[in-house]
Amino acid sequence: MERVDVLIIGAGVIGSSVAMHLAQLGMTKIRVIDFDLEGSLSSSELNAGGVRATWVQPVNIEMSKMSIEYFAQKSKHVGYRACGYLWLYTKERMNAALQARDRQIQSGWPVEVWDRSELQRKVPFLDKTEDIGCSLFAPRDGLINPNLLKNHFRSEARALGVVFDDRTSLQKVIYPEQSGHLIQAVTHRFESSLSDETKLDFAADRFKWDGQGGQVEYHADCIINCAGPWATRVAKILGYESPAYPMRRQVCLFDCRGLDLTPYGMIVDTSGVYFHPEADHVLAGFANTSEPRGVSYSYDGESFLTESIWPALFERSTYFEKLKHLSGWAGLYDVSPDECAIIGQVDYGGIQAKQMVFEAHSFSGHGVMHSYSAGLALAEKIVKGRYESLEDVNVLAGSRFEKGKWVHESLVI
């Protein structure tokens, strides 16, 4: 039996950030458990690495803004580069884009407006621009190394006494009948490293424990669900129903001879295809709206490039007329119904607030860019009983869906 003050389920970039901030606020006996601490299948690893404050919803703007300001301070440790986001808009979507830009400017986030001539002057390889109404360039948006960021949070947390337990999965939770008593969390812990097949079986909920290893029981004052794409599964164990779900997202690497993208950052086409330089190659992705829900790490291979990426790029630049597929991968988004994060104390879906269960998950593809501020906000809620640095985080409570108070975000890619 392990006696802890806080038990965090999930050691990805969000869980690690929450742990760091709790420790910085003076909390001790923090334990973070994860089935696969390395995170070879986690969303923290399998993403495009973009960070931006170019959003429509004020809460998303402020969370990204605070996080990016921290990344800039720790740029050498987390690999942050302020290389900018360039958004391309058709004439039909131009007015909505400019209205969103007004909100971003009001929040103190610089965003430049380029007409077609300015776009062609500054990004000359984009030479098919007849359909462009305007372009927006946010110079402080940029790219980051998610692995470095996660390990930075963990390093800071460990230095303050946080313990991370590997190969440990939550199995059962028993809540106390009287207030002031501890929550009992029963876990399975494995003695040896896990094969890739075992990890995939666990990710897809096909894994059956064979009794190897042993059980560890944690007694905690509170539990935090930071399980990412597996947050809904963890929520059921904790006794509540989460509206979130996992969904596959793919990215590919390709070679484009004669084109040097290193002077540029992330570029988002009018089609929704996004791309940025990745070493000597190009990384590109696209969110397929017809993608079925569920866990899948199957990468479609070269067909993903030729069917989902290349047609849009072909229509944007003569430099993209000939591409060579190199590799790619599939990862998981944890998606909420309104594609915004779920953060706060759980008091819905069959669970009571007195049971001291919290959550931070379902960032719908923007977990890395919100990780610092999300961790700080939830830590403040737990330690101080309220959000101090970002009061707007209240709107991201999971109970908003039962109450019909959705936070609709249109700038999701």
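Remember, predicted model here, so these are calculated numbers, not experimental data.
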Nearest-0.5 Å distance that lies between atom [atom1] in [X] and atom [atom2] in [Y]:
X	Y	atom1	atom2	value
His361	Ile342	NE2	CD1	5.0 Å
Asp300	Cys252	CG	SG	11.0 Å
Leu376	Tyr387	CG	OH	11.0 Å
Ile144	Lys74	CD1	NZ	12.5 Å
Asn145	Ser75	CG	OG	12.5 Å
Lys65	Gln104	NZ	CD	11.5 Å

Might you confirm whether atom [atom1] of [X] has over 12 heavy atoms from other residues, nucleotides or ligands at distances under 6.0 Å?
X	atom1	result
Glu321	CD	yes
Arg116	CZ	yes
Lys324	NZ	no
Phe304	CZ	yes
Glu391	CD	no

*So Ile30 and Val4, side chain to side chain contact (heavy atoms under 4.5 Å, CB included) or not? Walk me through it.*
CA-CA 6 Å; Ile30 302 166; Val4 299; over 6 Å; no

*asked:* Would you call the rings of Phe401 and Trp406 parallel, tilted or perpendicular, taking 30° and 60° as the class edges?
replied: perpendicular

*Are the aromatic rings of Tyr372 and His21 close, with centres under 6.0 Å apart?*
yes

*Phe202-Phe190 aromatic ring centre distance below 6.0 Å*: no

Checking [Y] against [X]: is there a side-chain donor and acceptor pair closer than 3.5 Å?
X	Y	result
Tyr240	Gln355	no
Ser43	Arg249	no
Ser64	His370	yes

Main-chain N/O of [Y] paired with [X] side-chain donor or acceptor, under 3.5 Å:
X	Y	value
Gln171	His188	no
Glu409	Asp338	no
Thr306	Ser303	yes
Thr270	Leu88	no
Ser371	Val368	yes
Thr168	Ile33	no
Ser399	Tyr348	no
Ser107	Arg103	yes
Asn225	Ala231	yes
Tyr297	Arg248	no

Measuring only between side-chain heavy atoms, which start at C-beta, is [X] closer than 4.5 Å to [Y]?
X	Y	result
Arg400	Ser336	yes
Leu7	Ile9	yes
Phe137	Val123	no
Glu156	His77	no
Asp5	Thr28	yes
Ser67	His366	no
Phe35	Leu170	no
Trp87	Val111	no

*Given side chain to side chain contact (heavy atoms under 4.5 Å, CB included), test Asp36 with Ser42 step by step and report yes or no.*
CA-CA 9 Å; Asp36 176 26; Ser42 76; over 6 Å; no

_Criterion ring-ring contact (aromatic ring centres under 6.0 Å, His included) on Phe320 and Trp310, from CA distance to verdict_ = CA-CA 8 Å; Phe320 287 138; Trp310 182 72; over 10 Å; no

_Show, in sequence, the C-alpha distance, side-chain angles and deciding distance for Met266 and Leu143, and conclude whether the side chain to side chain contact (heavy atoms under 4.5 Å, CB included) test is met._
CA-CA 8 Å; Met266 182 79 80; Leu143 301 172; 4.1 Å; yes

*Start with the C-alpha gap between Asp131 and Arg316, add the side-chain angles, then the distance that decides, and say whether salt bridge (charged side-chain N to carboxylate O under 4.0 Å, His left out) holds.*
CA-CA 10 Å; Asp131 63 325; Arg316 187 58 61 212; 2.9 Å; yes

*Does Asp141 come within less than 4.0 Å of Arg52, counting only side-chain N to carboxylate O?*
no

Looking only at heavy atoms, what is the nearest atom pair of [X] and [Y], with distance?
X	Y	value
Val251	Tyr299	O-CE1, 3.6 Å
Gly367	Ile14	O-CD1, 3.5 Å
Ser193	Arg167	CA-CD, 3.9 Å
Leu148	Gly79	CD1-N, 4.1 Å
Ala19	Val32	CB-CG2, 3.8 Å
Thr318	Lys128	CG2-CE, 3.7 Å

*Cation-pi between Arg154 and Phe164: NZ/CZ under 6.0 Å from ring centre and within 45° of the ring axis?*
yes

*Derivation of the salt bridge (charged side-chain N to carboxylate O under 4.0 Å, His left out) call for Lys150 and Glu45*: CA-CA 9 Å; Lys150 179 185 70 177; Glu45 304 293 332; 2.5 Å; yes

*Step by step, would you call Arg189 with Glu2 a salt bridge (charged side-chain N to carboxylate O under 4.0 Å, His left out)?*
CA-CA 13 Å; Arg189 183 178 294 174; Glu2 300 276 355; 5.1 Å; no

*asked:* Please evaluate residues Ser308 and Asn288 with respect to the criterion side chain to side chain contact (heavy atoms under 4.5 Å, CB included), reporting the C-alpha separation (whole Å), side-chain torsions for both, the decisive distance (0.1 Å), and the verdict.
replied: CA-CA 8 Å; Ser308 298; Asn288 183 358; 5.8 Å; no

